[in-house]
Protein chains: 4
Amino acid sequence: MNVQLDDTSGKRVAVLNSTLALIKEHGFHGAPMSLIAKHAGVAAGTIYHYFDSKETLILELYVHVKDKLALAISAGDDAEKPYKDRFFNLMINQFNFYVENEDSLFFLEQYMSSPFAKNFPECDSQLFADKVITLFQYGIENAHFRNIDSRLLAPTIKGTLVAAATFQLSEQIVFSKEDILEVISIIWDGVKRQ
Amino acid sequence: MNVQLDDTSGKRVAVLNSTLALIKEHGFHGAPMSLIAKHAGVAAGTIYHYFDSKETLILELYVHVKDKLALAISAGDDAEKPYKDRFFNLMINQFNFYVENEDSLFFLEQYMSSPFAKNFPECDSQLFADKVITLFQYGIENAHFRNIDSRLLAPTIKGTLVAAATFQLSEQIVFSKEDILEVISIIWDGVKRQ
Amino acid sequence: MNVQLDDTSGKRVAVLNSTLALIKEHGFHGAPMSLIAKHAGVAAGTIYHYFDSKETLILELYVHVKDKLALAISAGDDAEKPYKDRFFNLMINQFNFYVENEDSLFFLEQYMSSPFAKNFPECDSQLFADKVITLFQYGIENAHFRNIDSRLLAPTIKGTLVAAATFQLSEQIVFSKEDILEVISIIWDGVKRQ
Amino acid sequence: MNVQLDDTSGKRVAVLNSTLALIKEHGFHGAPMSLIAKHAGVAAGTIYHYFDSKETLILELYVHVKDKLALAISAGDDAEKPYKDRFFNLMINQFNFYVENEDSLFFLEQYMSSPFAKNFPECDSQLFADKVITLFQYGIENAHFRNIDSRLLAPTIKGTLVAAATFQLSEQIVFSKEDILEVISIIWDGVKRQ
DNA sequence: GATGAATGAGGATTCATTCAT
DNA sequence: GATGAATGAATCCTCATTCAT
């Protein structure tokens, strides 16, 4: 019954963004539907035109954010370039996305460590699988990485980048271009074929 | 007014453990005080003899778990040994703790990404600072690590270990001793002085 | 966020009246929100659409009742008449209001002697100040009363009327017109210019 | 099962006084048994050695306070003196008691307007009946007062005195000896035989 | 007598969701 | 589509009271 079409007034996106902002600021806890509605400038009931329940709202928000992340991460990727360059480009993009989209970072972290992630593993971004996972897979198959399970690679890499981004955001310190490359080198030196 | 003393019947610890178990299973959401009480085999009101509010219960649980973690991590540490050995020992201990204490791992992850961590940064385990942070600090000062900010080191390391432990737990796959060493090598090769 | 407007179904007033009735019958104690809701024929949550909390409900009820009192007291007041006549009219009106609105009388008494009155002295009926206090003030300024502090006059007068009304209500005795005039004479003879 | 005897440590009185103090400060509402116990320096359970329930505690406190009031009011009463003098002495004593025992005044007011007074009318101070009511009765029988119902006299008188005392206490103004006599004259001129 | 941990029913309040307009 | 008043189950917490020590 949900209406994704002709949301000309953009209420659907407004609700998603408000949910994101509120969860970032106050956690899942501090984002009741009534507050989301008010923050988005819509009536409480209106949310239910676009989302079946609060649960699906969160779930769809997750995919929405992950899509944005996939797009940002894969920007400028060029299959012609050496793999290490492509990897570094991805990492830099990812770091920048986190820093520039604090609420997305915080939401993703909360989502991933919540029961949602465990209970709805099938609910994820196709775009992310296509753009990001694929590249990792390629690196594994072509022996650019150590011989580790592919499914361990992504969280390992993410862990360090998230740590760095969170650190910059919380500490009000700005990493220089070189600092970021140093951080990515930590990752690369760890996971690359030795 | 809380009574930590002579809780001979162990109700305080029972409440902490029940909270841990329920949060692991159902998230912060699925752990109402009434359920915690029932799970712990105490009356709802009894919880409030030991904790001022649900918030302080969570906060004290965090320190409690972090204390246990610190103890487990630092087991068998020997200042006489080479630094790399000490580092590997810590990592192995940490990985094992996570795998053997799934509920602690899940709770810590949820706690760290929740607003609690941001709102109460001063509320942390002294034991952890003494046993674990100190060893990292030592490694930094004695140039065993790359020249990265000390505050970035810990979350980076943790990220990979947590990823590995979560992976093993969720996928029902048991890392062999060698697999674990491989994972720790990822970390070590990344952060060690190049 | 409260909605005083277009409460066409009259739920707000129903809640006020139910609160009044229950407090009269059982005191502040015996008026839990759940009972008020049931008595008013609304859901418990509905009360919170109209009042922020139980405290504000009580506070707004006080002003509501005091407004009704002010209106009843000043009925038929005529600035052309001699002051003593106006005073007697007010007193008779007040006595009648108390007798005819037992729940208002009991509520006001409980409210005035509760910490509410001390903690929120600024929360009072403007109507009462305009209609009733003003007339007393006039009497003081024009030397119809003894030379006593104006702020002492009102409670003194009220004390006797409340005593009389309470007496009639509790004893199931009906004062005759003459009896009431006698009581008012007690007041008047006490406070009038000797 | 209550023990009024050999309360050598004075715990019973301590509980009564703590209850009085807390009710004065925070109302019936703000005087939970646990707080009374702490304020009185006894264990919560101890209160139940002296009082069957919270209800009886309040009831007994009322009689206790009323006894003290009766004693204070009738101090210096002399059957040989003219009735008006005796009446004035009583009034002055009563005013002074209220001003000097603010918590008793506030408690009595709250008690009288609460459902307690209605539900337990038989629970009152014998001392008060003997010392104070008796004197009023005498005045009525000997035609010192107007021809009003005897049961109306006391609350009428009390109303004005309480108003005056409350006024002084709340406004931080000290009535002079003359001011008090003026107030009592209001009463006397009102109720005396015209 | 005295203690205070323990109880659990009851109270204020929140919030996801519905539905008549 | 959009609204927001209304719902009532669920939540956190309080507090009079009991009882083993």
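So you know, we letter chains A, B, ... as the sequences are listed, proteins then strands, and number each from 1. These numbers were taken from a predicted model, which means no experiment stands behind them.
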In this structure, how many angstroms lie between the [atom2] atom of [N] and the [atom1] atom of [X], rounded?
X: B/Y50; N: E/dA6; atom1: OH; atom2: C1'; value: 8 Å
X: C/L22; N: E/dA12; atom1: CG; atom2: P; value: 11 Å
X: B/H49; N: F/dT14; atom1: NE2; atom2: P; value: 12 Å
X: B/K38; N: F/dA10; atom1: NZ; atom2: C1'; value: 13 Å
X: D/R12; N: E/dA2; atom1: CZ; atom2: P; value: 13 Å
X: B/H26; N: F/dT11; atom1: NE2; atom2: C1'; value: 17 Å
X: D/I47; N: E/dA2; atom1: CD1; atom2: C1'; value: 12 Å

[X] vs [Y] side-chain heavy atoms within contact, under 4.5 Å:
X: B/H26; Y: B/L22; result: yes
X: B/I58; Y: B/F28; result: yes
X: B/L105; Y: B/N101; result: no
X: A/Y50; Y: A/T46; result: yes
X: A/F128; Y: A/D67; result: no
X: A/Q110; Y: A/F116; result: no

Legend entry - Contact list for DNA chain E against residues 108-123 of chain D - heavy-atom distance below 4.0 Å: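 Close to the strand, none.
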
Inset, instruction - Sort out for me which residue in C/D103, C/L108, C/V15, C/I36 forms a side chain to side chain contact (heavy atoms under 4.5 Å, CB included) with C/L20. - result: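 When side chain to side chain contact (heavy atoms under 4.5 Å, CB included) is applied between C/L20 and each of C/D103, C/L108, C/V15, C/I36, only C/D103 qualifies.
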
Inset, instruction - Please name the residue in the list B/K66, B/K54, B/R12 that meets the salt bridge (charged side-chain N to carboxylate O under 4.0 Å, His left out) test with B/E60. - result: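 Filter result, single survivor: B/R12.
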
Inset, instruction - Look at the aromatic rings of A/Y62 and A/Y111 and report parallel, tilted or perpendicular, splitting at 30° and 60°. - result: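 Ring orientation of A/Y62 relative to A/Y111: parallel.
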
Inset, instruction - Output, in order, the C-alpha distance, side-chain angles, deciding distance and verdict of side-chain contact (heavy atoms from CB on, under 4.5 Å) for B/S170 and A/K118. - result: CA-CA 9 Å; B/S170 68; A/K118 222 184 311 174; over 6 Å; no

Legend entry - Heavy atoms of other groups near C/K38 NZ, more than 12 under 6.0 Å: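 Not more than 12 within 6.0 Å, no.
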
Legend entry - Contact state string [nucleotides 13-21 of chain E, B base, S sugar-phosphate only, - no protein heavy atom under 4.0 Å]: BBSSBB---

Legend entry - Secondary structure string for DNA chain F (Watson-Crick or G-U under 3.5 angstrom, | for other-strand pairs): .||||||||||||||||||||

